[in-house]
Amino acid sequence: MEIKFYPLDFTYQYKDGTTYISIYGKTIQNESLCIVQPYRPFFYIKIDNLDTKKLAEKLKDLQVEAKYNPENAKVTGHEPIEKELLGKTQLFWKVYVNYPKAVPIISREIASWGIECYEKDILFVHRYLRDNNIVPMTLTKAVGKFNSKSSLRVPLFEAEKVQPLSLDTPPNLKILAVDIETYAKEKIINFDKNPILMIALYGADENGKEFKKVLTWKNFSHDSDFIEFVSDETQLLQQFKEILLHFKPDILTGYFSDGFDLPYILYRANKLGVKLDLGADYSNLQADTRGDAQEREASITGTLHLDVFKFVRNIFGKNLKTDSYSLDAVSEEILGDKKKVVNLDLLADTWDNNVDGLHDYCIYNLHDAHLTYRLCLKLLYDMIEFTKIVGLPTFDVIHMRFSKLVESYILKRAVEYNVIAPNKPAGKEMDQRMEETFEGAFVYEPIPGLYKDIVVFDFRSLYPSIITSHNIGPESFSCDCCKEVGKVPTLEQYWFCTQDKKFIPNVLEHLINIRAVLKKEIKEAKAKGENTLMLEARSWAIKTLANSFYGYLGFFGARWYSIESARATTAYARNYIRTTMAKAEEHGFKVCYGDTDLLFVLLGDKTLNDALKFQKEVNAVLPGTMELELENYFTRGLFVANKSNTKGAKKKYALISKEGKMKITGFEMIRSNSSLLAKKTQEKVLRLILEDHIPEALSTLQSEIKKLLAGEVPLDQLIIRTQITKELNSYSAIAPHVAIAWQMVKRGEVVSPGSTVEYIITKGKGLVRDRAKIPVDVKAGDYDAEYYLHNQLLPAVSSIFLVLGYSEEQLLGEKKQTGLGKFF
DNA sequence: TGTAAGCGGGG
DNA sequence: GTGTACGCTTACA
């Protein structure tokens with residue numbers, strides 16, 4: 001018979017001389033099951049001029065003792081095969097062994113004979129998926145029969161054939177989020193000493209019905225329908241297990257559940273003798289309780305465990321503004337919702353002495369689970385799209401950094417290209433690679449000033465398009481045929497083949513092509529008013545992956561490492577931006593700025609049409625997929641000088657479009673630790689200047705100064721926020737924010753690293769830190785105007801006015817204006 | 001100025 | 001798990 005299903009989670013086992021892949025998934029009828037199929041472990045060896053007869057004999061007799069394994073490691077067969085390694089087609093043997101763990105054992109032995117072994121460290125499940133082109137999360141077909149004697153928690157299907165059907169993904173997955181609260185008197189997390197006090201679960205069943213629950217083991221009066229009391233911690237864990245087995249989530253999610261919640265649950269369960277055999281095969285919850293918490297992984301066979309934090313840290317965080325990946329910060333940015341505010345330091349005391357106070361903590365606990373659930377739901381599209389491109393289990397994908405994602409994608413494509421993967425570096429080679437460096441992008445030093453009529457061009461996907469257009473990669477480097485014609489500009493000892501398109505640039509080009517198709521689809525779907533979230537997630541996934549190829553080629557741990565390729569890519573990029581600048585000048589344009597792939601051109605007495613003509617001319621000679629795009633036209637742009645000297649600051653400018661939209665880059669005063677007064681004034685002033693109202697900008701600033709000095713600025717505009725980054729007593733210098741933190745501690749509040757303190761600098765004499773006060777204690781007007789003027793307001797705007805010819809003294813009205821307010 | 005340790009997340 | 005293994009900041013010689 002034939003079944004259609006979506007694969008979610010994978011494992012393998014060895015039984016009676018055969019290794020079976022287990023695929024846990026859901027059928028299109030929404031039923032969970034396990035599909036098993038035999039698959040043989042193997043790796044490759046290079047057969048240069050070896051005596052193959054002798055080698056075959058040796059392999060046949062080879063047997064390596066293997067402790068803790070089902071049997072001694074043996075070779076079970078071999079077959080010759082032609083494959084390409086780093087651009088050269090050569091003869092290899094595919095060597096089969098008796099079980100997956102025999103691969104490293106046997107290959108190590110063969111390597112000691114001086115024979116090169118390849119693909120000996122590719123995970124068995126990954127190997128199976130790639131060789132059979134099976135993509136997790138997508139519609140798949142299996143042919144075989146059900147085994148009525150399944151010893152699993154789900155039906156067992158024995159497959160003769162498993163094959164992909166389409167890229168359709170499961171329509172409804174049951175997600176359950178988990179979050180725990182633990183007893184903690186000190187800051188240190190101690191699995192052994194401190195019990196779990198409550199466990200929150202939030203999810204939705206297949207009908208979309210909300211499920212919410214907080215389990216806890218102390219009674220108190222309350223009116224919440226989601227709280228369930230149990231007798232003790234043992235029962236808490238027991239009930240957690242019952243709920244999981246009853247709810248049967250397809251996806252179990254958590255926030256840092258790999259490193260905290262699940263390891264903690266497992267540790268306590270082991271200590272209290274609760275068996276957490278939650279796996280579909282009755283295997284135990286697997287979680288590391290020791291070692292580096294950041295690198296831990298937790299899993300339940302048959303259930304897809306997704307730690308949202310891991311996905312954010314490794315992959316999604318790049319396009320978030322926040323640089324903290326705490327649940328609070330990430331939820332706020334993605335969901336617009338924050339954690340509930342409770343004092344966790346008081347939880348242990350509340351637990352011991354004031355049970356009625358526990359209700360707030362239960363609400364807090366549930367809310368964390370709810371946030372996690374919503375984050376998982378929101379990010380699931382993105383996780384699935386990476387799964388589909390890379391072709392590996394979602395669990396594995398979210399644990400990968402970009403280098404590994406790129407490599408996994410290349411490895412998948414290597415199967416169809418009949419390419420053998422180069423080995424990972426080890427020992428000396430690794431050390432050597434780590435020392436190799438390469439020059440980055442070119443940034444033009446702007447002349448400080450206010451400019452008008454700026455046209456911004458950018459090279460679309462610069463690095464990927466250079467790699468594909470110039471055939472850059474380890475296989476095409478230093479070929480025999482193109483020494484004269486394939487030279488890299490400014491790096492002439494390097495050349496790349498101009499004859500055949502090689503593997504790496506081919507793979508990347510394919511990625512770029514599917515994105516181009518996708519972009520069209522998105523446009524069409526949008527025109528029809530259709531939901532494009534999934535397509536956009538896919539497009540984003542492909543773009544980020546494509547953009548990572550360049551970094552991958554220069555990454556020391558890469559199989560397809562090629563520092564020359566990375567160097568050539570940036571050399572080409574620098575050359576393109578420079579020659580394009582020169583060409584703009586030839587066309588009579590003045591260039592005011594350029595950075596990596598961006599080019600800022602002044603129209604001067606020319607028209608937008610002239611600029612388009614220039615663009616067309618540039619594009620006419622650009623090779624391959626390279627393209628210069630017109631990004632935008634800005635009516636005004638401001639470039640300021642560095643603080644320490646008069647040179648133009650790089651990566652720091654403000655632009656305004658015809659529609660009045662501002663684009664501000666790099667002005668570091670726009671930071672969370674600046675007061676609202678500084679932020680708002682800076683923005684107002686910038687806008688006025690860019691809108692060509694320089695006198696008004698000046699008068700606005702001066703009236704703000706006047707208000708400030710007169711004590712009329714509202715206190716909420718003067719609050720300064722600074723983060724406490726370490727334990728208070730480890731600060732050697734007592735800055736104002738540390739002084740404030742101590743004040744708060746004296747009042748019984750707890751200030752832990754990571755928390756932000758707020759303060760206002762008040763009037764008076766002496767040290768600034770002694771005059772820092774908690775905002776609620778400050779009376780209106782009781783602020784140190786001079787401090788705010790010189791430490792907040794002026795630093796935010798002085799570099800801006802300096803460009804226009806106004807010194808600080810002039811801003812303060814101490815000197816007459818000598819500035820020119822000139823245009824360039 | 002260079003290398004080692006330590007943190008991130010979580011209560 | 002056919003093991004690894006990130007990247008930045010801070011501490012100290």
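This one's a predicted model, so the numbers in the text were calculated from it and none came from an experiment. Reckoned from all heavy atoms, side chains included, excluding hydrogens, waters and symmetry mates. So that the names make sense, note that chain A is the first sequence line, chain B the second, and so on, each numbered from 1.
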* Asked: A/K339 side chain N/O closer than 4.0 Å to the phosphate oxygens (OP1, OP2) of B/dG11?
  -> yes
* Taking only Lys NZ, Arg NE, NH1 and NH2, and the carboxylate oxygens of Asp or Glu, determine whether A/R296 and A/D258 approach each other closer than 4.0 Å. => no
* C/dC6 phosphate, OP1 or OP2: any side-chain N/O from A/K404 under 4.0 angstrom? -> no
* To do: Starting from C1' on B/dG11, measure out to OH on A/Y255 and report it in whole angstrom.
  => 16 Å
* Which part of the nucleic acid, if any, lies within reach of A/K185 when heavy atoms closer than 4.0 Å are counted: base, sugar-phosphate only, or nothing? -> nothing
* Structure fact -> CD1 of A/I199 to OG1 of A/T182, rounded to nearest 0.5 Å, is 11.0 Å
* Asked: Can you check the A/E407 CD to C/dG3 P distance for me, whole Å?
  -> 15 Å
* Quick one: are A/I315 and A/M383 in side-chain contact, heavy atoms under 4.5 Å? -> no
* May I have the distance from A/I199 (atom CD1) to B/dG10 (atom C1'), rounded to whole angstrom? => 15 Å
* Asked: Under 4.0 Å between a Lys/Arg side-chain N and an Asp/Glu carboxylate O for A/R268 and A/D192?
  -> no
* To do: Name the nucleic acid region contacted by A/R313, choosing base, sugar-phosphate or nothing; use a 4.0 angstrom heavy-atom cut-off, strictly under.
  => nothing
* How is A/Y68 classified with respect to the nucleic acid when contacts are heavy atoms under 4.0 Å: base, sugar-phosphate, or nothing? -> nothing
* Structure fact -> To the nearest angstrom, the CZ-P distance between A/R290 and B/dG10 comes to 23 Å
* Asked: Do the ring planes of A/Y373 and A/H370 sit parallel (below 30°), tilted (30 to 60°) or perpendicular (above 60°)?
  -> tilted
* When all nucleic acid strands are considered with a 4.0 Å heavy-atom cut-off, which category describes A/L197: base, sugar-phosphate, or nothing? -> nothing
* Sugar-phosphate only, base, or nothing, as touched by A/I105 at under 4.0 Å among non-hydrogen atoms -> nothing
* Separation of atom CG in A/D328 from atom C1' in B/dG8, rounded to whole Å -> 16 Å
* To do: Using the P atoms only, state how far C/dG7 lies from B/dG9, rounded to an integer number of Å.
  => 16 Å
* Determine whether any donor atom in the side chain of A/D345 lies under 3.5 Å from an acceptor atom in the base of B/dG11, or the reverse, and answer yes or no. => yes
* On the 0 to 90° scale, with breaks at 30° and 60°, tag the A/W93-A/H78 ring pair as parallel, tilted or perpendicular. => parallel
* Asked: Quick one: stems for DNA chain C, with Watson-Crick or G-U pairs under 3.5 Å, at least three in a row?
  -> B:1-8 with C:6-13
* Looking at every strand, decide which applies to A/D179 at a 4.0 Å heavy-atom threshold: base, sugar-phosphate, or nothing. => sugar-phosphate
* **Atom P, compared across C/dC8 and C/dG3: separation rounded to whole Å** => 29 Å
* If you find the nucleotide of DNA chain C closest to A/E297 and the one closest to A/Q294, which residue's nucleotide is nearer the 5' end? -> A/E297
* To do: Measure the CG-CD1 distance between A/L358 and A/I363 for me, rounded to the nearest 0.5 Å.
  => 11.5 Å
* How is A/D368 classified with respect to the nucleic acid when contacts are heavy atoms under 4.0 Å: base, sugar-phosphate, or nothing? -> sugar-phosphate
* Which label fits C/dA5, syn or anti, where anti is any glycosidic angle not within 90° of 0? -> syn
* What nucleic acid atoms does A/E181 come within less than 4.0 Å of, heavy atoms only: base, sugar-phosphate, or nothing? -> sugar-phosphate
* Describe the nucleic acid contact of A/Q286 in one word from base, sugar-phosphate, nothing, applying a heavy-atom distance below 4.0 Å. => nothing
* To do: Scan A/F42 against the nucleic acid and name what it touches under 4.0 Å (heavy atoms): base, sugar-phosphate only, or nothing.
  => base
* **Sidechain-backbone polar pair: A/D9 side chain, A/G302 backbone, donor-acceptor under 3.5 Å** => yes
* Asked: Could you state the NZ-C1' distance from A/K310 to C/dC6, rounded to the nearest angstrom?
  -> 12 Å
* What integer number of Å spans the P atoms of C/dA5 and C/dT9? -> 22 Å
